[in-house]
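This is the structure I want to talk about, given as C-alpha cells.
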Amino acid sequence: MKSLQKRLGLMVATLLMVTLISGCRGQLTVTVPLPMLVNNPAAFDDRQIVTQGVVRHFNDPLHYWIEDEQLNRVEIFPHQEIAPYLDESVEVEGQFHFSPNEGRRLTLTRVDQLLGE
C-alpha cells in the first residue's frame with residue numbers, strides 16, 4: 001500500500017513539475033510517461049508531447065496505439081505512419097488530444113524506433 005501511495009505521490013509531483021515548467025515556457029514539447037497521460041489526460045490536451053511504448057493494433061475497427069507494460073494506452077494517428085512499427089518499442093512525438101467520447105489520441109509529428117528494448 002505504501003509503495004502505491006509513494007508511486008502516486010511521485011507521479012503527482014512529476015505532473016506538477018511538468019505543468020509548472022511548461023507553463024513558464026509556453027507551448028514547448030514536454031516528455032510525458034504513458035501512466036501520466038492515462039491518469040490525467042486533460043492536463044495535456046492540445047499539447048505537443050513526447051512519450052514511448054510498444055505499437056499494437058486491432059483490425060475491427062482498425063486502430064493503432066502504443067502501450068506500456070501496465071497496458072496504459074494512447075491511440076496513434078495517422079495509422080499509415082505508425083503501422084510499420086507494429087510490435088516495436090518506439091518514441092513518438094505529436095499533438096495529444098483527449099475527449100471523454102473519443103479517448104486519448106496522438107497525431108504524429110515524429111516516430112523513432114527504440115533499439116535494444
Side-chain angles (χ1 to χ4, degrees):
M1 183 69 165
K2 282 190 175 188
S3 176
L4 178 60
Q5 289 175 335
K6 187 176 182 179
R7 287 179 61 199
L8 287 174
L10 183 58
M11 283 179 50
V12 169
T14 303
L15 176 60
L16 181 59
M17 286 181 10
V18 167
T19 302
L20 290 173
I21 290 169
S22 62
C24 295
R25 293 183 179 170
Q27 286 294 330
L28 295 179
T29 301
V30 294
T31 299
V32 184
L34 285 175
M36 290 178 71
L37 290 174
V38 169
N39 292 324
N40 194 3
F44 301 98
D45 188 33
D46 292 325
R47 299 288 311 272
Q48 186 77 11
I49 65 148
V50 173
T51 194
Q52 55 185 258
V54 176
V55 179
R56 303 287 189 220
H57 87 296
F58 191 76
N59 282 324
D60 190 20
L62 180 63
H63 60 285
Y64 287 82
W65 66 89
I66 60 169
E67 67 184 22
D68 62 15
E69 292 175 358
Q70 292 77 40
L71 302 180
N72 293 302
R73 296 173 173 154
V74 171
E75 190 171 6
I76 304 293
F77 291 96
H79 295 150
Q80 66 271 18
E81 288 186 33
I82 197 68
Y85 298 93
L86 186 61
D87 295 325
E88 300 290 335
S89 292
V90 295
E91 179 177 85
V92 292
E93 179 178 342
Q95 191 77 22
F96 180 77
H97 301 284
F98 172 70
S99 161
N101 298 331
E102 296 178 0
R104 299 173 301 273
R105 298 174 166 209
L106 183 94
T107 303
L108 286 175
T109 56
R110 175 179 65 84
V111 58
D112 295 317
Q113 183 176 358
L114 299 175
L115 300 177
E117 292 192 23

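These numbers come from the heavy atoms of this one structure, side chains and all, not from hydrogens, waters or symmetry mates.
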Calculate, to the nearest 0.5 Å, the distance between atoms CG and CD belonging to D112 and E88 respectively.
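Here the interatomic distance stands at 13.0 Å.
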Same apolar cluster (I L V M F W Y, side chains within < 4.5 Å links), I49/I82:
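Yes, same cluster.
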So how far is it from E93 CD to L108 CG, rounded to the nearest 0.5 Å?
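With rounding to 0.5 Å, CD (E93) is 9.5 Å from CG (L108).
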Can you tell me how far the CZ atom of R73 sits from the CZ atom of R104, to the nearest 0.5 Å?
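Here the rounded value is 9.5 Å.
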Closest heavy-atom pair and its distance - P41, F96
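It is O-CE2, 3.4 Å.
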Can you name the closest pair of heavy atoms from D45 and F98 and give their distance?
OD1-N, 2.8 Å
Are any side-chain N or O atoms of N39 and backbone N or O atoms of P35, one a donor and one an acceptor, separated by less than 3.5 Å?
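Answer holds: yes.
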Note, R47 side chain near V32 side chain (heavy atom, < 4.5 Å):
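Not touching, per the 4.5 Å side-chain cut-off.
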Rounded distance [0.5 Å steps], NE2 in H79 versus CG in L62
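Interatomic distance, H79 NE2 to L62 CG, rounded to 0.5 Å: 5.5 Å.
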Please tell me whether V111 and L106 are part of a single hydrophobic cluster in this structure, the criterion being side-chain heavy atoms less than 4.5 Å apart.
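V111 and L106: one cluster.
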Treat each ILVMFWY residue as a node, draw an edge where side-chain heavy atoms are under 4.5 Å apart, and state whether L114 and V50 are in one component.
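No, L114 does not connect to V50 through the hydrophobic network.
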Return the orientation label for the Y64 and H57 ring planes: parallel under 30°, perpendicular over 60°, tilted otherwise.
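Parallel.
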Shortest non-hydrogen contact between H63 and E75, atoms and distance
CB-OE2, 3.1 Å
Determine, stepwise, if the pair V90 / I76 fulfils side-chain contact (heavy atoms from CB on, under 4.5 Å).
CA-CA 12 Å; V90 295; I76 304 293; over 6 Å; no
Exercise: identify the closest heavy-atom pair between I66 and L34:
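Closest approach of I66 to L34, heavy atoms only: CD1-CD2, 4.0 Å.
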Okay, side chain of Q95, backbone of D46: is any donor-acceptor separation there less than 3.5 Å?
yes
Flag the pair V92 / V74 as yes when at least one side-chain heavy-atom distance between them is below 4.5 Å, and no otherwise.
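Counting from C-beta outward, V92 and V74 never come under 4.5 Å.
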Could you check whether atom CD of E69 has more than 12 heavy atoms from other residues, nucleotides or ligands sitting under 6.0 Å from it?
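12 or below, so no.
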Report the C-alpha distance between L37 and N72 in whole Å, list the side-chain angles of each, state the deciding distance to 0.1 Å, and finish with yes or no for side-chain contact (heavy atoms from CB on, under 4.5 Å).
CA-CA 8 Å; L37 290 174; N72 293 302; over 6 Å; no
Show your working on side-chain contact (heavy atoms from CB on, under 4.5 Å) between T109 and Q48 and close with a plain yes or no.
CA-CA 9 Å; T109 56; Q48 186 77 11; 3.1 Å; yes
List the atom of H97, the atom of T107, and the distance in Å for their closest heavy-atom pair.
CD2-OG1, 4.1 Å
